[in-house]
Number of protein chains: 2
Amino acid sequence: MKNHHKPVKIIRRGGLAKLTGCNLETIRYYETIGVMPEPPRSSKNYRVYDDSHVTRLRFIMRSRELGFTLEEVRDLLALVDGGAQTCGEVQVLANTHLTSIRTKIADLKRIEHVLTSTVAQCTGDDVPECPVIDALTEVA
Amino acid sequence: MKNHHKPVKIIRRGGLAKLTGCNLETIRYYETIGVMPEPPRSSKNYRVYDDSHVTRLRFIMRSRELGFTLEEVRDLLALVDGGAQTCGEVQVLANTHLTSIRTKIADLKRIEHVLTSTVAQCTGDDVPECPVIDALTEVA
DNA sequence: CTTGAGCCTGTACCAACTACAGACACTAGG
DNA sequence: CCTAGTGTCTGTAGTTGGTACAGGCTCAAG
């Protein structure tokens with residue numbers, strides 16, 4: 001008969017924030033948009049979390065770090081929650097996301113190329129003539 | 001004595017939108033945030049634009065296409081408006097922007113690499129085990 | 001007994017737009 | 001002359017992904 005009056009360290013919102021590194025308010029935000037479940041409440045109406053919430057929040061954060069939108073995170077979680085997720089379904093989501101990332105990279109590289117070659121023509125002097133301004137002004 | 005009762009085709013908001021490809025509402029937005037000037041109004045309170053507005057809006061749009069934030073656009077315009085802009089000053093703004101673009105590219109490439117190598121391990125089958133889900137779940 | 005920390009709620013704010021409602025203005029057709 | 005359609009005006013709300021703050025409650029320590 002152990003743990004009679006110190007069963008488990010209870011996790012409240014601040015605790016979950018510290019455990020995960022997530023911002024305190026963001027946790028509540030994730031709850032309101034439905035990617036985090038509404039946790040049970042203590043007698044004083046405090047949110048009470050457990051390990052499953054820690055895991056889920058970390059999943060969300062890691063997904064976000066990899067650039068998944070919250071809508072995509074919702075889809076991933078729906079697959080996981082459904083229990084019937086298949087590797088094939090997840091792969092489709094991941095590949096779709098990968099495509100949009102590759103598009104973004106291509107866009108940024110194009111921008112980087114244009115800017116780099118334009119700035120390279122700058123004298124950098126105290127003169128009003130500037131290739132960058134010209135490039136932005138030209139009718140394109 | 002020509003153009004006696006057809007002086008110049010007047011440009012209203014819709015006209016400016018068509019000339020530039022800019023969204024109608026965005027033009028008003030740019031005015032409220034101060035990157036586009038308040039144009040004169042007709043007797044019926046319609047905004048009346050001229051070539052200078054077309055040029056300026058195109059400058060803004062081109063800057064946005066190159067990924068400058070509206071705050072950066074404001075800075076660029078301030079230099080141009082001041083009349084005393086120097087190539088050196090513009091170059092500084094452009095290089096700062098370039099740095100942030102390169103950072104974004106690097107971030108996206110890292111993400112792309114992680115996702116690509118993870119998805120590559122997927123069987124894509126109708127099985128619940130999935131390397132992507134594992135990667136998102138792992139404590140990292 | 002008071003002070004501070006932590007939690008609660010609702011709401012406002014950021015970028016950079018986009019869209020919509022409701023009210024006028026103007027033009028062409030019937 | 002009336003009406004339909006288009007264009008414009010204003011203010012305001014919604015988008016994404018958070019972040020922050022105000023005002024109020026509870027609780028533990030000093």
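Residue numbering restarts at 1 for every chain, and letters A, B, ... go by the order of the sequence lines.
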K.L.:
Would you call B/R56-B/D81 a salt bridge at under 4.0 Å N-O?
P.N.:
yes
K.L.:
Over how many whole Å does the gap from A/R12 atom CZ to D/dC25 atom C1' extend?
P.N.:
13 Å
K.L.:
Please list, by residue number, the residues of residues 63-72 of chain B whose heavy atoms come closer than 4.0 Å to an atom of DNA chain C; answer none if no residue qualifies.
P.N.:
B/R64, B/T69, B/L70
K.L.:
Run the side-chain hydrogen bond (donor to acceptor under 3.5 Å, both in side chains) test against A/R74 and tell me which residues pass, sequence neighbours left out.
P.N.:
A/E71
K.L.:
Check salt bridge (Lys or Arg N to Asp or Glu O under 4.0 Å) between A/E72 and all other residues, then give those that pass, not counting sequence neighbours.
P.N.:
none
K.L.:
Using the test side-chain hydrogen bond (donor to acceptor under 3.5 Å, both in side chains), find all partners of A/T99 that sit at least two apart in sequence or belong to another chain.
P.N.:
none
K.L.:
Quick one, which residues of residues 33-46 of chain B touch DNA chain C with a heavy atom under 4.0 Å?
P.N.:
B/K44, B/Y46
K.L.:
A/P131 and A/T118: which non-hydrogen atoms are nearest, and at how many Å?
P.N.:
O-CG2, 3.4 Å
K.L.:
Which whole-number value in Å describes the distance from B/K9 NZ to D/dG7 C1'?
P.N.:
12 Å
K.L.:
Sequence neighbours excluded, which residues qualify as side-chain hydrogen bond (donor to acceptor under 3.5 Å, both in side chains) partners of A/E25?
P.N.:
A/R28
K.L.:
What is the separation between atom CZ on A/R74 and atom P on D/dT15, rounded to the nearest whole Å?
P.N.:
11 Å
K.L.:
Between P on D/dG7 and CZ on B/R13, what's the gap in Å once rounded to a whole number?
P.N.:
12 Å
K.L.:
Hey, does A/R28 reach any base, or is it just sugar-phosphate, or nothing, if we go heavy atoms under 4.0 Å?
P.N.:
base
K.L.:
Identify, with sequence neighbours excluded, every residue that meets side-chain hydrogen bond (donor to acceptor under 3.5 Å, both in side chains) alongside A/R13.
P.N.:
none
K.L.:
So where does chain B start and stop touching DNA chain C, 5' to 3', when the test is distance under 4.0 Å to a non-hydrogen atom?
P.N.:
C/dA16 to C/dC26
K.L.:
Rounded to whole Å, how long is the line connecting atom CG of B/N23 with atom C1' of D/dG7?
P.N.:
15 Å
K.L.:
Give me each pair satisfying ring-ring contact (aromatic ring centres under 6.0 Å, His included) with a member in residues 88-108 of chain B, each pair once, sequence neighbours excluded.
P.N.:
B/F68-B/H97
K.L.:
Kindly write out the residues that satisfy salt bridge (Lys or Arg N to Asp or Glu O under 4.0 Å) with B/E129, not counting sequence neighbours, or none if the list is empty.
P.N.:
none
K.L.:
Under the ring-ring contact (aromatic ring centres under 6.0 Å, His included) rule, collect the residues that match up with B/Y49, sequence neighbours excluded.
P.N.:
B/H53
K.L.:
Using whole Å, report how far OH of B/Y29 lies from C1' of D/dT12.
P.N.:
15 Å
K.L.:
Within this structure, what is the CZ-to-C1' distance between B/R47 and D/dC9, rounded to whole angstrom?
P.N.:
7 Å
K.L.:
Please list, one pair per line, the donor and acceptor atoms closer than 3.5 Å that link side chains of residues 32-41 of chain B to other protein atoms, with sequence neighbours excluded.
P.N.:
from, atom 1, to, atom 2, distance (Å)
B/T32, OG1, B/Y29, O, 2.8
B/R41, NH1, B/N45, O, 2.9
B/R41, NH1, B/N45, OD1, 3.3

